[in-house]
Amino acid sequence: MTSKWERIKDNDGFAAEDVRREQEWRKRRKLEKQKKQAELLHKESYSSFDVRSFILNQSGQLHSCDSIDSYEVLNKIEEGSYGIVYRARDKRNKNIIALKKVKLEKDYVEGFPITSLREIQSLKLVQHDNIVKLLDVVTGRSGKDVYLVMEFMEHDLATLLKDMPEDFLQSEVKTLMLQLLAAVATLHHHWFVHRDLKPSNLLMNNTGEIKIADFGLARSLGEPKPQLTRLVVTLWYRAPELLLGAPSYGKEIDMWSVGCIFAELLTRSPLFNGRSELDQLSKIFNFLGYPTHESWPQFFLLPHASQVKQPSVKSQHSQLRSAFPFLTAAGHDLLSRLLTLNPAHRITAEEALQHPYFTEAPRPKDPRFFPTFPSKAKGEHRKEWNRRSDEEYTHTQRPPN
Ligand SMILES: Nc1ncnc2c1ncn2[C@@H]1O[C@H](COP(=O)(O)OP(=O)(O)OP(=O)(O)O)[C@@H](O)[C@H]1O
Ligand SMILES: [Mg+2]
């Protein structure tokens, strides 16, 4: 017969054994968890690498398998929704480049964000002087981070329009518009829609060249038009058919954005700065007039058409003319063709390139004669801006228009 103490001792023994087993079990669990995490990490980096090599293999244009160690980061330029952009130096040839670090968050395809995948694919497939060049795709030290290496551009048009001491001249607006239209025409020719054209996605260098960037929302269109998400294009640049819930859309949505950009280049303020989709629509209709059965028969069938109140302004062009009194008749015509409510009647990029606005005086300015501006992306400041721009404005031969 065992005494109470012996039983307790035995129980203690059991208890001690339990604790030991528990500790071992926990240790094993921890190891298993670590192993799983390592596997996941490996899978993620393998997936990123896999996607990367898949993309790299599609064309011989890019160099292969460089790492971030080849670049020295100089400063952060901007943090966008899909990535952080840095200015950096290529240690091998001292060239200044831009690095866009891909944010690894939601919507992954095999461990890689779909927006970045789209950006890489479209930048590789559509190359043009006025589309930012993708030089490489490199991985970070852990093999998990992915960076897009792009040519560096001193400005984006949103920052420039906000900070520049005086408006672009008409001749400069024409040059900028021609470059933008040439890039959009090429994109559309390859059946791509950008779906987020706006001044902050247009980059400019100090030799008067602009390039379209940020292809995170770009995608290729097939015929017949696929059912696409309507959650595209920043509100102020979003076409009315998207705001009205059209079930399908096409290249015309980019042309609407180009119209809004044209107006903004002329006045340096956004044309339709709505606070909500409905507010955006009412701003558009107040300015351009309400569609009629003749001008846009399909409008009345669109899902949100009944929610929009009919504005008092009836004339299609009256507001447009008075808002841009300095613009010639040809300029008004181009702007109103870009800002045509009915997408079926909106001008295409190819057609816009042939528009008489670009051949009448003042003629488009040679980009090499554009003034240069201090670059925020390079960390140059307003003080330098004033001093440099004063100098530039007095030393650059600027014709009256
Ligand atoms: N190649 C480049 N050279 C210089 N600056 C650049 C370059 N690419 C991007 N930037 C700067 O970084 C900003 C954000 O880049 P981008 O639009 O590609 O990122 P994003 O995350 O998709 O941004 P968002 O969602 O805010 O539009 C640009 O507006 C521009 O100021
Ligand atoms: Mg952007």
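Every value quoted in this text rests on a predicted model; they were computed, and no experiment measured them.
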Side chains of [X] and [Y]: does their closest heavy-atom pair fall under 4.5 Å?
X	Y	value
Ser295	Asn342	no
Phe324	Leu335	yes
Leu157	Leu265	yes
Tyr237	Pro199	yes
Ile212	Leu180	yes
Pro364	Leu178	yes
Glu380	Glu154	no
Met150	Lys100	yes

Checking the side chain of [X] only, and the main-chain atoms of [Y] only, is there a donor and an acceptor separated by less than 3.5 Å?
X	Y	answer
Asp196	Gly216	no
Arg268	Leu161	yes
Glu351	Thr348	yes
Lys251	His188	yes
Arg346	Glu252	yes
Arg195	Asp254	no
Asn286	Ser282	yes
Gln280	Leu235	yes
Glu241	Ala246	no

Just checking, is any N or O donor in the side chain of [X] or [Y] under 3.5 Å from an acceptor N or O on the other one?
X	Y	answer
Thr159	Lys376	no
Asp279	Ser276	no
Glu264	Ser269	no
Ser375	Asn206	no

### Query
side-chain contact (heavy atoms from CB on, under 4.5 Å) between Leu134 and Leu148: does it pass, once the steps are laid out?
CA-CA 7 Å; Leu134 176 70; Leu148 271 56; 3.8 Å; yes

### Message
Tell me whether the count of non-hydrogen atoms from other residues, nucleotides or ligands lying under 6.0 Å of CD in Glu79 goes above 12.
### Response
yes

Please identify each residue that fulfils salt bridge (Lys or Arg N to Asp or Glu O under 4.0 Å) with [X], with sequence neighbours left out.
X	answer
Glu72	Arg89
Lys211	Glu151
Asp90	Arg92
Glu24	Arg20

Which atom pair, heavy atoms only, marks the closest approach of [X] to [Y]?
X	Y	value
Gly245	Pro303	O-CG, 3.2 Å
Pro270	Asn273	CG-CB, 4.3 Å
Ala182	Leu353	N-CD2, 3.8 Å
Ala352	Leu334	CB-CD1, 4.0 Å
Cys260	Phe272	SG-CD1, 4.3 Å
Phe152	Ile96	CB-O, 3.7 Å

Roughly how far, to the nearest 0.5 Å, is [atom2] of [Y] from [atom1] of [X]?
X	Y	atom1	atom2	result
Ser336	Gln319	OG	CD	14.0 Å
Arg275	Leu278	CZ	CG	11.0 Å
Asp214	Lys198	CG	NZ	7.0 Å
Ile77	His155	CD1	NE2	11.5 Å
Ile68	Tyr147	CD1	OH	5.0 Å
Glu360	His355	CD	NE2	9.0 Å

### Task
Verify ring-ring contact (aromatic ring centres under 6.0 Å, His included) between Phe300 and His293, making sure each step is shown before the conclusion.
CA-CA 8 Å; Phe300 300 91; His293 283 282; 4.0 Å; yes

### Query
How would you list all residue pairs meeting ring pair (Phe, Tyr, Trp, His ring centres under 6.0 Å) that involve residues 197-217, not counting sequence neighbours?
His194-Phe215

### Message
Applying side-chain contact (heavy atoms from CB on, under 4.5 Å) to Gln170 and Leu266, what does each step give before you reach the verdict?
### Response
CA-CA 8 Å; Gln170 284 285 319; Leu266 294 166; 3.5 Å; yes

### Message
I'd like to know if Glu277 and Arg238 make a salt bridge, using a cut-off of under 4.0 Å between side-chain N and carboxylate O.
### Response
yes

### Message
Quick check on the 6.0 Å ring-centre criterion: do Phe299 and Phe285 meet it?
### Response
yes

### Stacked cation flag Lys283 on Trp236, 6.0 angstrom / 45 deg
no

### Task
Report yes or no: is the cationic atom of Lys174 (NZ for Lys, CZ for Arg) closer than 6.0 Å to the six-membered ring centre of Tyr357, at no more than 45° off its axis?
yes

### Task
Show your reasoning for whether side-chain contact (heavy atoms from CB on, under 4.5 Å) applies to Lys365 and Phe370.
CA-CA 8 Å; Lys365 188 186 220 176; Phe370 264 59; 4.0 Å; yes

### Task
Applying side-chain contact (heavy atoms from CB on, under 4.5 Å), run through Leu288 and Leu339 and close with a yes or a no.
CA-CA 8 Å; Leu288 296 169; Leu339 297 176; 4.2 Å; yes

### Summary
Those residues at least two apart in sequence (or on a different chain) that pass side chain to side chain contact (heavy atoms under 4.5 Å, CB included) with Thr207 are Asn205, Glu209

